[in-house]
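Here is how names work: the chains are called A, B, and so on, in the same order as the sequence lines, proteins then strands, and each is numbered from 1. Worth saying up front: this structure is predicted, and the values here are computed from it rather than measured.
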Amino acid sequence: MRVRFAPSPTGALHIGGARTALFNWLLARHEGGELVLRIEDTDRERSTPENVEQILDALRWLDLDWDEGPILQTARSQRHGEALQALLEAGRAYHSNATAEDVKAYKAIHGADRGFRGEPQAEGAVRLRVPDDGATVVHDVIRGETRFEHVHLDDPVIARGDGSVLYNFAVAIDDLDAGITHVVRGEDHLSNTPKQVLVLEAVRAVGFGADAPLPEYAHLPLLHGPDGKKLSKRHGAASVQELRDAGYLPEAVRNYLALLGWGAGDDATVLSTQELIDRFTLERVSRNPARFDEVKLKWLNGVYIRSLPTDELTRRIEAFTGREGLERAVRISQEKIHTLADFWPLAGSLFDGPTDDPKARERWLGEEGRAALLDVAAALEQTRGFDEASVEEALGTVIERRGAKPREVYQPLRVAITGGTISPGIFESVALLGREETARRIARALARR
RNA sequence: GCCGCUAUCGUCCAGGGGACUAGGACGCCGCCCUCUCAUGGCGGAAACCCGGGUUCGAAUCCCGGUAGCGGUACCA
């Protein structure tokens, strides 16, 4: 089995594209086949080297590797030209000056009863001659047979007036030459498929890749945004880079993306990449479009974060935040965060000093709170050690002596040392800060007002 | 408009003629645990798009409608 992932570098790699890449990759790895990476850069207006780099960067981050390529489609223009010329000479394609308006006008008259068939001219864009009779049947592994009647098809433009080829032509030639056995891509390409099959048949008839097999097709259901519309920039984390910047783990993203349009079949949700490879088959790919649900991704990411060894999670958080010496803080935060980005807002004050939350101050550092804090400061001064257990013990004494509820002691202390009401566990946080820093922060909180 | 694809809880995925009182996950609601936030545990609400047909029997097969989406570029 040889599959390919063929993004066009007209923007960053989208979540939908990433899912397509993942499915191709899983399939190749499951079958022991090869994955070819091809960059479809025949759109000269919008393709840029920066976008190519972005796509490669996204694939690397996702840890999806490939066996051949990246092949730039434009680098194959000579081959495309030869195939095009052969089609021209055989009369299976022709030059035509007809514009989109001409075709539209033609269709206005003939409706769906007759596809546009141009008259050969000396120059102009190149159109593929579609037979009037019959139909092209696309055999789709996921959807079964889809029949496209030739009378409904217009002769498609396969090359521009200057001879440069267009997508539907290049794709067919490149898949053929690369020996692709399965074309797995988004459903938005289903309607293009008959054109590509027609190109394939025409080109083989004139001796190009006549002995190469015709690829099988598998069109994946499309991915939609939370609003049910096609995924776009408006949907926030729409690109792979945005996912990375939002603090998601690549393994969690792979797991989540695999669940969009595919299911293991036995209700399994959390699946390691190896399990994904072992279990992935095209037969289990769904036919319905799926919505990208960041809430569920976030939950899954939390599952992965909690299951990571603390030192590994620390490495990732240090890389993400650009800070060092975070291990202790990571250990006490691990079960409280869902993304790498959650860490700093939760525990950053342990390093950078308390933040300022006026509401928290007002609620917990009133007369009662300050009185409690005074007791806490005294108790913390004379603990034997300063680990979590001794901190807990000391605070327990304060609670008992004051006849207070635990929170009436813990919360003022939390606000004093972190500035807010949300933090890792209070004993852990205090122990991490140490006796002196804790005392300093309490004193500062008390002095304030 | 035309061509095509799709249709099960709010979302994702199961179930593909009787095992369906339709299952799991996220989310939501309630309870428990609890120093905040989380985590964890227990429980709950929540779906077969509509109409015909086939069949002893339809969520499941067929037809139609409707809706959503895609294509209809000298974009990919």
Ignoring hydrogens and angles, does a donor from either the side chain of [X] or the base of [N] sit under 3.5 Å from an acceptor on the other?
{"X": "A:Arg143", "N": "B:rC5", "answer": "no"}
{"X": "A:Thr146", "N": "B:rG4", "answer": "no"}
{"X": "A:Asn192", "N": "B:rG71", "answer": "no"}
{"X": "A:Lys336", "N": "B:rU36", "answer": "yes"}
{"X": "A:Arg291", "N": "B:rC12", "answer": "no"}

### Query
What do the steps show when you test A:Trp66 against A:Leu59 for side-chain contact (heavy atoms from CB on, under 4.5 Å), and what is the final call?
CA-CA 9 Å; A:Trp66 52 92; A:Leu59 291 175; 3.9 Å; yes

What distance, rounded to whole Å, do you find between the two [atom1] atoms, one in [N] and one in [M]?
{"N": "B:rA58", "M": "B:rC63", "atom1": "C1'", "result": "15 Å"}
{"N": "B:rU34", "M": "B:rC48", "atom1": "C1'", "result": "41 Å"}
{"N": "B:rA59", "M": "B:rA47", "atom1": "C1'", "result": "10 Å"}
{"N": "B:rC56", "M": "B:rC42", "atom1": "P", "result": "46 Å"}
{"N": "B:rG68", "M": "B:rG15", "atom1": "C1'", "result": "23 Å"}
{"N": "B:rA19", "M": "B:rC37", "atom1": "C1'", "result": "45 Å"}
{"N": "B:rC3", "M": "B:rU60", "atom1": "P", "result": "26 Å"}
{"N": "B:rA45", "M": "B:rA67", "atom1": "C1'", "result": "27 Å"}

### Message
Determine whether A:Glu408 and A:Arg402 satisfy the following criterion, salt bridge (charged side-chain N to carboxylate O under 4.0 Å, His left out), listing intermediate values before the conclusion.
### Response
CA-CA 10 Å; A:Glu408 292 169 337; A:Arg402 298 183 60 80; over 6 Å; no

Spacing of [X] atom [atom1] relative to [N] atom [atom2], expressed in whole Å:
{"X": "A:Ile109", "N": "B:rC2", "atom1": "CD1", "atom2": "C1'", "answer": "15 Å"}
{"X": "A:Trp262", "N": "B:rC13", "atom1": "CH2", "atom2": "C1'", "answer": "10 Å"}
{"X": "A:Asp43", "N": "B:rA73", "atom1": "CG", "atom2": "C1'", "answer": "10 Å"}
{"X": "A:Ile422", "N": "B:rU36", "atom1": "CD1", "atom2": "C1'", "answer": "7 Å"}
{"X": "A:Asp342", "N": "B:rU39", "atom1": "CG", "atom2": "P", "answer": "11 Å"}
{"X": "A:Lys107", "N": "B:rC3", "atom1": "NZ", "atom2": "C1'", "answer": "8 Å"}
{"X": "A:Leu300", "N": "B:rG27", "atom1": "CG", "atom2": "P", "answer": "10 Å"}
{"X": "A:Arg114", "N": "B:rU72", "atom1": "CZ", "atom2": "P", "answer": "23 Å"}

### Query
Should A:Lys336 and A:Asp342 count as an ion pair when the cut-off is N to O under 4.0 Å?
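Looking at A:Lys336 and A:Asp342, the cut-off is not met.
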
From the list [options], which nucleotide is the closest neighbour of the side chain of [X]?
{"X": "A:Asp267", "options": "B:rA76, B:rG24, B:rU39", "value": "B:rG24"}
{"X": "A:Ser191", "options": "B:rC35, B:rG71, B:rG23", "value": "B:rG71"}
{"X": "A:Arg46", "options": "B:rA76, B:rA14, B:rU6", "value": "B:rA76"}
{"X": "A:Lys296", "options": "B:rA76, B:rC35, B:rA25", "value": "B:rA25"}
{"X": "A:Ala125", "options": "B:rC74, B:rC69, B:rC35", "value": "B:rC74"}
{"X": "A:Asp188", "options": "B:rG71, B:rC35, B:rC5", "value": "B:rG71"}
{"X": "A:Asp293", "options": "B:rC74, B:rC26, B:rC35", "value": "B:rC26"}

Within less than 4.0 Å of OP1 or OP2 of [N], is there a side-chain N or O belonging to [X]?
{"X": "A:Asn288", "N": "B:rU8", "result": "yes"}
{"X": "A:Arg306", "N": "B:rG40", "result": "yes"}
{"X": "A:Thr269", "N": "B:rG24", "result": "no"}
{"X": "A:His338", "N": "B:rC37", "result": "no"}
{"X": "A:Ser286", "N": "B:rC13", "result": "yes"}

### Task
Could you tell me if the ring centre of A:Trp262 sits under 6.0 Å from that of A:Phe280?
yes

#### Entry: Ring centres under 6.0 angstrom apart (A:His110, A:Tyr106)
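Under 6.0 Å, so yes.
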
### Task
Decide side-chain hydrogen bond (donor to acceptor under 3.5 Å, both in side chains) for A:Thr99 and A:Asp102; before the verdict, give the C-alpha distance in whole Å, the side-chain angles of both, and the deciding distance to 0.1 Å.
CA-CA 5 Å; A:Thr99 62; A:Asp102 295 338; 3.2 Å; yes

### Criterion side-chain hydrogen bond (donor to acceptor under 3.5 Å, both in side chains) on A:Thr193 and A:His219, from CA distance to verdict
CA-CA 10 Å; A:Thr193 308; A:His219 287 96; 3.2 Å; yes

#### Entry: Least distance between heavy atoms, A:His80 atom then A:Phe169 atom
O-CE2, 3.5 Å

### Query
Where do A:Ile305 and A:Gln334 come nearest, in terms of heavy atoms and distance?
O-NE2, 2.9 Å

N/O to N/O distances under 3.5 Å, protein versus nucleotides 58-65 of chain B:
none

### Query
Is A:Gly261 touching bases, backbone alone, or none of the nucleic acid, heavy atoms closer than 4.0 Å?
sugar-phosphate

### Message
Regarding A:Leu190, tell me which of base, sugar-phosphate or nothing describes its non-hydrogen contacts under 4.0 Å with the strands shown.
### Response
sugar-phosphate

### Query
Please, what dot-bracket string fits RNA chain B when only Watson-Crick and G-U pairs with both distances under 3.5 Å count, crossing ones use [ ] and pairs to another strand use |?
(((((((..((((....[....)))).(((((.......)))))....(((((..]....))))))))))))....

### Query
Quick one, which residues of residues 49-57 of chain A touch RNA chain B with a heavy atom under 4.0 Å?
none

### Task
Show the numbers, then the answer: is there a ring-ring contact (aromatic ring centres under 6.0 Å, His included) between A:Tyr410 and A:Phe427?
CA-CA 9 Å; A:Tyr410 296 145; A:Phe427 318 130; 5.3 Å; yes

### Message
Please evaluate residues A:Ser164 and A:Arg160 with respect to the criterion side-chain hydrogen bond (donor to acceptor under 3.5 Å, both in side chains), reporting the C-alpha separation (whole Å), side-chain torsions for both, the decisive distance (0.1 Å), and the verdict.
### Response
CA-CA 5 Å; A:Ser164 62; A:Arg160 301 182 176 93; 3.1 Å; yes

### Task
Any chance you could lay out the side-chain hydrogen bond (donor to acceptor under 3.5 Å, both in side chains) test for A:Tyr167 and A:Asn192, step after step, and finish with the verdict?
CA-CA 10 Å; A:Tyr167 168 74; A:Asn192 291 141; 5.0 Å; no

### Task
Look up atom CZ in A:Arg328 and atom OG in A:Ser333, then write down how far apart they are to the nearest 0.5 Å.
12.0 Å

### Pairwise side-chain contact, A:Thr20 with A:Val184, heavy-atom cut-off 4.5 Å (strictly under)
no

### A:Phe23 six-ring centre to A:Arg19 NZ/CZ under 6.0 Å and within 45° of normal
yes

